[in-house]
Chemist: 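What follows is a structure written as structure tokens; I'll ask about it next.
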Amino acid sequence: MRTILLASAMLTLGACSSEDIETANFGSDYYKSDYQLINATDLELDFYMANSELDGDERDPFKDKYKVAHLARLEEIKQISHEHNVEREVSFYVHAPYASKASYKEAHKVKRDRHYQWLAWKSGDALSHSLFEKHESNKEGVIRVRLFATQADLHASQNDNQLTLTAGKVSDFQSVEQCNGGLKINQIPVNLCDASFGRSYLLVVGDQGRIALALE
């Protein structure tokens, strides 16, 4: 009887592809992280995530089964959870279905039980995206923002203090005391009056000032 059961189990495994087996076992709840998806572009976007294969080879994430979200234009935000392989990379892919040749793919090794921000943004006309950990830096009486610059030669200023921003990078947190015009980007006042004092945010900026704002 034991021999029959063993043979049956082997046949069942043989009928499954390596991807089916991995999908059932690659992480369970233990290897899961949360993601805040942010669309800071003027395009409608599809977001895809695909775990690497069991032998470590990268898997193309372009299939519908790897699609995790569709976000409309500008400041659209969605929260998801995603299981991932143990110590293996995940391919992140963003695609604009209604714009020709607008897509971007990049692989990252993610850690378990973390909170990430997955930001889609544009550098000129080119679509790009970035992944970094989400952080809170709340402080009573001020709006706390860290700034993400979508292009070079951007400067954030408050009164006489000026901060040079690096394209594609997140700055340290800044405290803003006045919601309208307290912070300027290249001398353009930024309106943060839809934010809450005492909370912290990711602020995406370009040469025209504010592009998107997301709660940390």
Side-chain angles (χ1 to χ4, degrees), residues 19 23 26-27 32-53 58-85 88-111 114-135 145-152 154 165-171 185 188 190-192 194-195 200-216:
E19 183 174 334
T23 301
F26 62 69
K32 179 183 286 186
S33 285
D34 295 325
Y35 297 83
Q36 178 174 263
L37 281 54
I38 307 166
N39 183 1
T41 78
D42 57 356
L43 302 169
E44 290 191 42
L45 297 178
D46 291 329
F47 289 71
Y48 298 76
M49 300 173 72
N51 291 279
S52 62
E53 295 182 8
E58 188 177 349
R59 178 178 291 145
D60 287 334
F62 317 123
K63 299 177 182 177
D64 285 344
K65 63 181 176 180
Y66 299 132
K67 182 177 172 179
V68 294
H70 176 86
L71 275 65
R73 300 179 178 185
L74 230 49
E75 295 203 47
E76 182 81 7
I77 297 171
K78 185 174 183 178
Q79 304 283 344
I80 67 166
S81 291
H82 186 265
E83 295 176 14
H84 59 270
N85 301 55
R88 291 193 174 92
E89 291 185 336
V90 177
S91 290
F92 294 82
Y93 174 62
V94 173
H95 171 65
Y98 308 118
S100 62
K101 299 181 180 178
S103 62
Y104 187 83
K105 180 172 75 76
E106 195 168 46
H108 297 274
K109 184 176 285 187
V110 297
K111 300 178 181 179
R114 299 298 174 94
H115 300 277
Y116 289 101
Q117 286 176 322
W118 182 8
L119 171 68
W121 53 285
K122 288 177 73 176
S123 176
D125 293 328
L127 180 63
S128 188
H129 65 79
S130 298
L131 184 78
F132 39 85
E133 286 197 51
K134 187 176 180 181
H135 291 293
V145 295
R146 55 177 182 164
L147 299 105
F148 183 94
T150 59
Q151 59 193 77
L154 294 184
L165 304 177
T166 303
K169 301 294 183 182
V170 183
S171 75
I185 302 296
I188 298 173
V190 176
N191 189 330
L192 297 173
D194 54 340
S200 47
Y201 298 84
L202 173 71
L203 175 62
V204 184
V205 295
D207 60 357
Q208 297 302 308
R210 168 177 163 169
I211 296 175
L213 183 72
L215 184 67
E216 291 277 6

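All figures in this text were calculated on a predicted structure; none of them were measured in a lab. All values below were derived from every heavy atom in this structure, side-chain atoms included, with hydrogens, water molecules and symmetry-related copies excluded.
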Chemist: Tell me, please, which residues at least two apart from Ser103 pass side-chain hydrogen bond (donor to acceptor under 3.5 Å, both in side chains).
Modeler: none
Chemist: What's the spacing between Ile211 CD1 and Leu74 CG if we round to 0.5 Å?
Modeler: 7.5 Å
Chemist: Heavy-atom distance under 4.5 Å between the side chains of Leu127 and Leu45, does that happen here?
Modeler: yes
Chemist: Gly209 and Ile185: which non-hydrogen atoms are nearest, and at how many Å?
Modeler: CA-CB, 4.1 Å
Chemist: With Lys67, which residues qualify under side-chain hydrogen bond (donor to acceptor under 3.5 Å, both in side chains), at least two apart?
Modeler: Asp46
Chemist: Can you name the one residue among His95, Arg73, His70 that meets side-chain hydrogen bond (donor to acceptor under 3.5 Å, both in side chains) with Glu44?
Modeler: His70
Chemist: So, does Ser128 use its side chain to make a donor-acceptor pair with the main chain of Tyr104 at under 3.5 Å?
Modeler: no
Chemist: Would you name the heavy atoms of Ala40 and Leu119 that are closest together and state the gap between them?
Modeler: CB-CD1, 3.8 Å
Chemist: Taking only residues two or more places apart in sequence or in another chain, which ones pass ring-ring contact (aromatic ring centres under 6.0 Å, His included) with Phe47?
Modeler: Trp118
Chemist: To the nearest 0.5 Å, how far apart are CD in Glu89 and CG in Asn51?
Modeler: 11.0 Å
Chemist: May I ask you to decide if Ser123's main-chain N or O and Thr150's side chain share a donor-acceptor pair within less than 3.5 Å?
Modeler: no
Chemist: Excluding sequence neighbours, so at least two apart, what forms side-chain contact (heavy atoms from CB on, under 4.5 Å) with Ser130?
Modeler: Trp121, Phe132, Phe148
Chemist: What pairs with Asp42 under salt bridge (charged side-chain N to carboxylate O under 4.0 Å, His left out), at least two apart in sequence or on another chain?
Modeler: Lys122
Chemist: Which residues pass the side-chain contact (heavy atoms from CB on, under 4.5 Å) test with Leu215, not counting sequence neighbours?
Modeler: Arg199, Tyr201
Chemist: Between Leu203 and Leu192, is any pair of side-chain heavy atoms under 4.5 Å apart?
Modeler: yes
Chemist: Who passes side-chain hydrogen bond (donor to acceptor under 3.5 Å, both in side chains) against Gln36, sequence neighbours left out?
Modeler: Gln79, Lys134
Chemist: For side chain to side chain contact (heavy atoms under 4.5 Å, CB included), just list the numbers for Val110 and Leu131, CA-CA rounded to whole Å, side-chain angles, deciding distance to a tenth of an Å, and then say yes or no.
Modeler: CA-CA 10 Å; Val110 297; Leu131 184 78; 3.9 Å; yes
Chemist: List in chain and number order the residues that pass ring-ring contact (aromatic ring centres under 6.0 Å, His included) with His108, two or more places apart in sequence or in another chain; answer none if no residue qualifies.
Modeler: Phe92
Chemist: For the pair Ser200 and His135, evaluate side chain to side chain contact (heavy atoms under 4.5 Å, CB included) and give the outcome as yes or no after the intermediate values.
Modeler: CA-CA 8 Å; Ser200 47; His135 291 293; over 6 Å; no
Chemist: Among all residues two or more places apart in sequence or in another chain, which pass the salt bridge (charged side-chain N to carboxylate O under 4.0 Å, His left out) test with Glu76?
Modeler: none
Chemist: Would you compute the distance between atom CG of Leu202 and atom CD of Glu216 and round it to the nearest 0.5 angstrom?
Modeler: 5.5 Å
Chemist: Measuring from atom CG of Leu147 to atom CG of Leu154, what distance do you get when rounded to the nearest 0.5 angstrom?
Modeler: 9.5 Å
Chemist: State whether the side chain of Asn39 and the backbone N or O of Ala72 hold a donor-acceptor pair below 3.5 Å, judged by distance alone.
Modeler: yes
Chemist: How close do Leu165 and Ser171 get, heavy atom to heavy atom, and via which atoms?
Modeler: CD2-CB, 4.1 Å
Chemist: Flag the pair Lys105 / Phe62 as yes when at least one side-chain heavy-atom distance between them is below 4.5 Å, and no otherwise.
Modeler: yes
Chemist: Report the distance from atom CD of Gln208 to atom CD of Gln151, rounding to the nearest 0.5 Å.
Modeler: 8.5 Å
Chemist: So, using side-chain hydrogen bond (donor to acceptor under 3.5 Å, both in side chains) as the criterion, who are the partners of Asp194 when residues are at least two apart?
Modeler: Arg210
Chemist: What residues, two or more places apart in sequence or in another chain, satisfy salt bridge (charged side-chain N to carboxylate O under 4.0 Å, His left out) together with Arg114?
Modeler: Glu133
Chemist: What's the shortest heavy-atom distance between Tyr48 and Pro61, and which atoms?
Modeler: CD2-O, 3.2 Å
Chemist: Quick check for you: to the nearest 0.5 Å, what is the distance between His115 atom NE2 and Asp34 atom CG?
Modeler: 5.0 Å
